[in-house]
Amino acid sequence: MGKIFVDACFGKKTPYTPVWMMRQAGRYLPEYMKVRAEAGNFLNLCHDPKKACEVTIQPIDIVGVDAAILFSDILVIPNEMGMHLDFLVGEGPVFKDPIRDEKALDALIGGEEAANKLTYVYETLTLLRKELADDKALIGFTGSPWTLATYMIEGQGTKTYNIVKKEIYSNPEFMHKLLRKVTDVVKIYLEKQIEAGADVVQIFDSWAAALEKDKYFEFSWNYMKEIAAHIKAKYPHIPIIMFPKGIPGYLDKIDGDFDVFGVDWATPIEYAKEMLGDKYVLQGNMEPCRLYSKEATKEAVTNIAEVMKDGRHIFNLGHGILPDVPVENAKYFVKLCQEVSKR
Ligand code: CP3
């Protein structure tokens with residue numbers, strides 16, 4: 001059976017517009033909390049293919065989304081490049097020894113060797129492709145080199161990005177050397193995800209908005225484009241979704257060989273359509289906090305459906321679902337998207 005999600009990524013006509021939610025496997029689901037408790041902690045859960053497979057499928061069964069996204073995290077990549085990683089409850093991810101000099105950069109494990117250490121991800125995907133219904137797509141993913149490098153240099157989330165931006169302006173060669181190393185791992189990582197069973201891949205560039213325009217293209221988009229071109233050349237049948245968060249002012253310069261552009265919630269969908277709708281299928285972009293209210297959800301879904309009524313669209317949120325959203329409202333969102341777009 002064909003997968004309507006994959007068809008939609010390629011801009012083909014589908015019976016309705018498919019829908020999924022970023023961070024759909026996670027803490028708003030009591031069923032997720034139960035499996036995470038059994039695993040002990042979040043990283044253990046990522047490392048356990050059977051449990052990771054189980055939580056990946058939960059939102060398909062419980063919420064009714066059209067695609068499953070691999071349960072993992074973008075930060076397992078730097079972790080397997082040799083950086084010690086902790087997910088501290090309430091504080092988020094922390095690297096104990098951030099990369100601050102050439103010596104630390106050179107000590108990072110690169111290429112095939114790093115990609116080969118992510119076996120638990122490939123095992124989860126292979127298991128998932130067996131367990132998932134044939135008509136549901138399986139999305140693999142990576143962080144963009146820029147977003148990963150930001151965490152690797154800062155060591156944790158940041159409001160100012162001052163440590164990594166100091167490198168951008170005072171030591172750009174150092175930044176490019178790190179981005180090159182991460183890009184080379186990510187290319188192999190995505191290839192291996194596809195070989196293991198991913199039907200679609202998404203590149204998350206969560207920290208896109210930290211950079212001014214010319215620096216964004218130099219330090220982030222160019223590397224994402226290189227990864228997309230590499231995957232496209234080898235796997236033309238695998239759709240690629242690019243999600244740079246928070247750069248509505250840069251859309252005039254967006255180009256490259258990929259299929260779907262993820263629109264964040266701060267970018268008006270009609271504007272994204274005008275700028276990119278002819279070249280790319282658009283994904284998104286309801287503001288995730290609207291999920292606190294059914295009325296607010298209905299208002300946004302109706303508007304997005306109206307703007308995107310000619311198709312070339314995938315419903316999603318404009319960023320990840322939050323942990324305190326009622327499951328009932330997530331179900332309502334998914335069903336509404338599928339109903340209003342019926343053709
Ligand atoms: O979308 C999915 O359901 C698939 C799984 C997934 C996770 N993280 C699970 C997760 C995906 C695709 C990610 C991507 C990710 N991770 C991004 C890019 C997307 C985005 O949100 O911008 C980023 C920046 C990270 C890094 C990260 N991981 C942070 C900052 C945090 C802590 C903040 C938070 O939301 O708690 C995580 C932890 C994390 N990753 C959780 C989950 C379900 C929560 C961990 C827990 O269960 O305690």
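Remember, it's 1-based here, ligands and their atoms both numbered in the order they're listed.
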Can you give each donor-acceptor pair under 3.5 Å made by side-chain atoms of residues 34-43, sequence neighbours left out, with the distance rounded to 0.1 Å?
from : atom 1 : to  : atom 2 : distance (Å)
N41  : OD1    : L43 : N      : 3.1
N41  : OD1    : N44 : N      : 2.8

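Residue H319 places a heavy atom less than 4.0 Å from ligand 1. Using 4.0 Å as the threshold, Y151 has a heavy atom nearer than that to some atom of ligand 1. Using a 4.0 Å cutoff on heavy atoms, P93 counts as a contact of ligand 1.
Applying the 4.0 Å criterion to heavy atoms of R27 picks out, from ligand 1, the atoms 34 (C), 35 (O), 36 (O), 44 (C), 46 (C), 47 (O), 48 (O). Remark: ligand 1 atoms within the under-4.0 Å shell around heavy atoms of F87 are 28 (N), 37 (C), 38 (C).
In this structure a side-chain-to-backbone donor-acceptor pair under 3.5 Å is missing from E154 to Q156.
With atom 14 (C) of ligand 1 as the reference point, the heavy atom nearest to it among L70, I74, V65 is part of I74. Within the set S72, G140, P59, the minimum heavy-atom distance to atom 6 (C) of ligand 1 is found for S72.
Shown here for E131 and I57, the closest heavy-atom pair between the two residues is CB-CD1, 3.7 Å.
For atom 13 (C) of ligand 1, the closest heavy atom belonging to the protein is R23 NE, 3.5 Å. Of all protein heavy atoms, the one lying nearest to atom 3 (O) of ligand 1 is A25 N, 3.0 Å. Summary of contacts: the protein heavy atom closest to atom 26 (C) of ligand 1 is D73 OD2, 3.6 Å. R36 NH1, 2.9 Å is the protein heavy atom nearest to atom 46 (C) of ligand 1. Considering only non-hydrogen protein atoms, atom 18 (C) of ligand 1 sits nearest to S206 OG, 3.1 Å.
Heavy atoms of other residues, nucleotides or ligands lying less than 6.0 angstrom from NZ of K298 number 12 at most. In this structure, K50 places its NZ atom where only 12 or fewer heavy-atom neighbours from other residues, nucleotides or ligands lie under 6.0 Å away.
Judged by the 6.0 Å distance and 45° axis criteria, K225 is not positioned over the aromatic ring of F258.
Taking the six-membered ring for Trp and the full ring otherwise, the centers of H176 and F219 sit less than 6.0 Å from each other. Proximity of the aromatic rings of F71 and Y32 is defined here by a centroid distance below 6.0 angstrom, and this criterion is met.
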